[in-house]
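Report on the following structure.
Scope of the values below: all heavy atoms of this structure, side chains included, with no hydrogens, waters or symmetry mates. So that the names make sense, note that chain A is the first sequence line, chain B the second, and so on, each numbered from 1.
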Amino acid sequence: MAKKHETAIRPTRAENYPEWYQQVIRASDLAELSPVRGCMVIKPWGYALWENISRALDDMFKATGVKNAYFPLFIPVNFLEKEARHVEGFAKECAVVTHHKLEKDQQGELVPAGKLNEPLIVRPTSETIIGDAFSRWVRSYRDLPVLINQWANVVRWEMRTRIFLRTSEFLWQEGHTVHATRQEAIDRTYMMLNVYIRMAEEYLAMPVITGEKSAAEKFPGAEMTTCIEAMMQDRKALQAGTSHFLGQNFAKASGIRFQSAMETEEFGWTTSWGVSTRLIGGLIMAHSDDNGIILPPRVASSHVVLLPILKNIDENEKVMAFTRELAEKLRRKNYHGTPVRVEIDERNIGGARNWEWIKKGIPLRVEIGPKDIAKDSVYVSRRDKDRKDSVSMQKDAFVDEIDTILDEMQSRLYEKALAFQREHTRDIDEKGEFDAFFTPADPQRPEIHGGFARSPWCGSTECELAIKDRLNVTVRCIPFDREADGGKCIECGAAGKGRVIFAKAY
RNA sequence: CGGGGCGUGGCGCAGUCUGGCAGCGCGCCUGCUUUGGGAGCAGGAAGCCGCAGGUUCAAAUCCUGCCGCCCCGACCA
């Protein structure tokens, strides 16, 4: 027997969480770093997750009347300048295109030539260029609402990057809408937030808290930013999606005007909302264990791998025929509107084969050997359970029940993550306790600590920033459902306006 | 951009202090034996030791500069 490891991923979460995160991604074959700083190559097993996420979101968007379109990667610099807070928020992380041509210099090296008259920025987000288009599309209240989404890449020149969580280039969708009234735009903001809540909780099995961002944390130029925040296994918060009510700020900046039914000229009310490949980072950190990633069935790259046990030539053909037939039956099954996704791995590499699929997080592993075939059964292992919980099932029963099994796994992952979130969410009313909650024993190499603190806050940016300076803890969101009970601000002791969620964040 | 750590076959690492043929484990390839939780034996391939200079008879090792990665900050989805 080979050397046994206690865990497939080392270091473990407890030993070194950031390193564990990277090793999980490597071992699961989701993605790798690219030669370009801060960028990533998303490999097929990882990209399939994004495809499944984006397909489900796309369906949900379209069900609310949203249509897809595509806008340019390059944006004139002066577009960004139109909205003051927006330019302040994004200017420092913009990639700028200044030339259109390369020429060889005397050393034979390619150097930029052909300076552009007007530099272009690579979109960090598309409010401005889409606003420009909308200003031409909207003339009358009869043109409203405009409900547009685009699937795109964006670039934000980040100082510190982390694969999937914060990359210089990332994939996302950005929805942009224009409405005739303030209320309609606000309703749309919440409507899309609800889509994100569904994505996180029903598909990613990732419980989220929802609410509004503080003035310091909201989107540059937004009147209100709503968000979903999830707790990762290191108890930090991950902003997993945002939906913004932009008021008339961008309509004024871009000249989105329409003639109302009363024959008056009005500015449109706009929203924007987005989620990104960051969701995959969230999924990893919400569910994975020390043996690798655990994929929630609703978005899993694949649902089940069939592992034929090929022992001797006489029986191999029978085993393979049984395996292929099972694969076909499974693929004809419908799981929440999509065919069950099946892999067959017939490599003869012993137990290592099993471990590869564990590290890749596939929900179900099905071993098929001569002993099973004799009983017309299969041996089923679940990624969310221990090996000793593996069961032998009649083949037909397995085919019949696979959707139920996957759904049970899906809800178990959700319940487990929810229990974790609740376990590490505390009402804290006293400053000393608050500081202790968020202070690691070793600041240079912090152990997993903290969580979500539900604490009273007076609402002032001063207090928020003071807490950030002291502990690197921020207001993650002001929950919609918070109690009116004020308490005393955790920072200044003045009358609070209710409890908000404080946490360290990605 | 500041403080700390680290760059050596695909992955994880030793070797660096004290200069002297580039190593180990896993993985990979071939063959045989195996096979229901990380197989065994035999053979084999694979490295500009992050990059560029310098010192030296000789540099993974010493010196200088640069680049990249990770952690802690500033910035952020």
Side-chain angles (χ1 to χ4, degrees), chain A residues 1-11 16-23 26-27 29 32-38 88-93 124-125 154-168 170-174 196 213 216-217 219-220 225 227-230 237-244 273-279 281-282 291 307-312 315-316 319 347-359 365-373 378-381 386-388 390 392 440 442-446 468-469 471-472 474 504-506:
Chain A
M1 284 294 115
K3 179 169 56 173
K4 297 247 168 77
H5 308 308
E6 282 168 21
T7 62
I9 303 295
R10 282 159 306 152
N16 185 342
Y17 193 85
E19 181 63 20
W20 164 86
Y21 173 72
Q22 295 183 86
Q23 292 301 335
R26 189 197 309 284
D29 211 29
E32 60 191 28
L33 290 173
S34 86
V36 180
R37 181 192 145 78
E88 198 183 320
F90 285 107
K92 57 190 167 299
E93 55 190 42
T125 178
V154 287
V155 168
R156 296 180 188 177
W157 215 262
E158 299 289 351
M159 296 199 159
R160 202 169 136 195
T161 58
R162 287 169 196 268
I163 191 161
F164 281 121
L165 296 174
R166 179 174 299 107
T167 44
S168 295
F170 56 91
L171 304 183
W172 79 344
Q173 59 67 218
E174 48 180 321
Y196 293 157
K213 283 294 188 189
E217 295 279 330
F219 180 76
T225 288
C227 64
I228 56 174
E229 297 273 333
L238 182 77
Q239 180 173 308
T242 47
S243 181
H244 315 290
W273 25 276
V275 296
S276 71
T277 38
R278 169 177 260 201
L279 285 176
N291 287 325
L307 303 168
I309 311 294
L310 302 172
K311 285 187 162 182
N312 62 66
E315 286 174 319
N316 285 356
V319 172
R347 289 175 303 163
N348 242 330
I349 55 171
R353 186 174 61 168
N354 235 311
W355 282 101
E356 273 190 32
W357 289 103
I358 291 169
K359 286 184 279 193
R365 307 187 304 282
V366 175
E367 291 168 57
I368 300 163
K371 284 184 241 167
D372 304 293
I373 293 178
V378 293
Y379 192 69
V380 180
S381 304
D386 199 85
R387 171 72 173 182
K388 64 180 187 295
S390 300
S392 183
D442 176 4
Q444 280 305 305
R445 178 163 278 279
K468 189 177 178 183
D469 283 348
L471 298 165
N472 197 28
T474 49
K504 296 190 177 181
Y506 276 98

Using a 4.0 Å heavy-atom cut-off, does [X] contact any base of the nucleic acid, only the sugar-phosphate backbone, or nothing at all?
{"X": "Pro446(A)", "answer": "sugar-phosphate"}
{"X": "Asn354(A)", "answer": "nothing"}
{"X": "Glu19(A)", "answer": "nothing"}
{"X": "Thr167(A)", "answer": "base"}
{"X": "Thr242(A)", "answer": "nothing"}
{"X": "Leu238(A)", "answer": "nothing"}

*asked:* From the set rC76(B), rC70(B), rG36(B), return the single nucleotide nearest to any side-chain atom of Gln22(A).
replied: rC70(B)
*Which one, rG12(B), rA74(B), rG36(B), comes nearest to the side chain of Met159(A)?*
rA74(B)
When you measure from the side-chain N and O atoms of [X] to the phosphate of [N], is any distance below 4.0 Å, counting only OP1 and OP2?
{"X": "Arg162(A)", "N": "rC71(B)", "answer": "yes"}
{"X": "Lys468(A)", "N": "rC75(B)", "answer": "yes"}
{"X": "Arg160(A)", "N": "rC69(B)", "answer": "no"}
{"X": "Asn472(A)", "N": "rA74(B)", "answer": "yes"}
{"X": "Arg37(A)", "N": "rC69(B)", "answer": "yes"}

*5'-most contact on RNA chain B: Val36(A) or Gln239(A), nearest heavy atom basis?*
Val36(A)
*Closer to the 5' end of RNA chain B via nearest nucleotide, is it Ile163(A) or Pro220(A)?*
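Counting from the 5' end, the first nearest nucleotide belongs to Ile163(A).
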*With P as the reference atom in both, quote the distance from rG50(B) to rA42(B) in angstrom, rounded to an integer.*
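Per the computed distance, 32 Å lies between those P atoms.
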_Side-chain donor/acceptor of Gln173(A) to backbone N/O of Val275(A), under 3.5 Å_ = yes
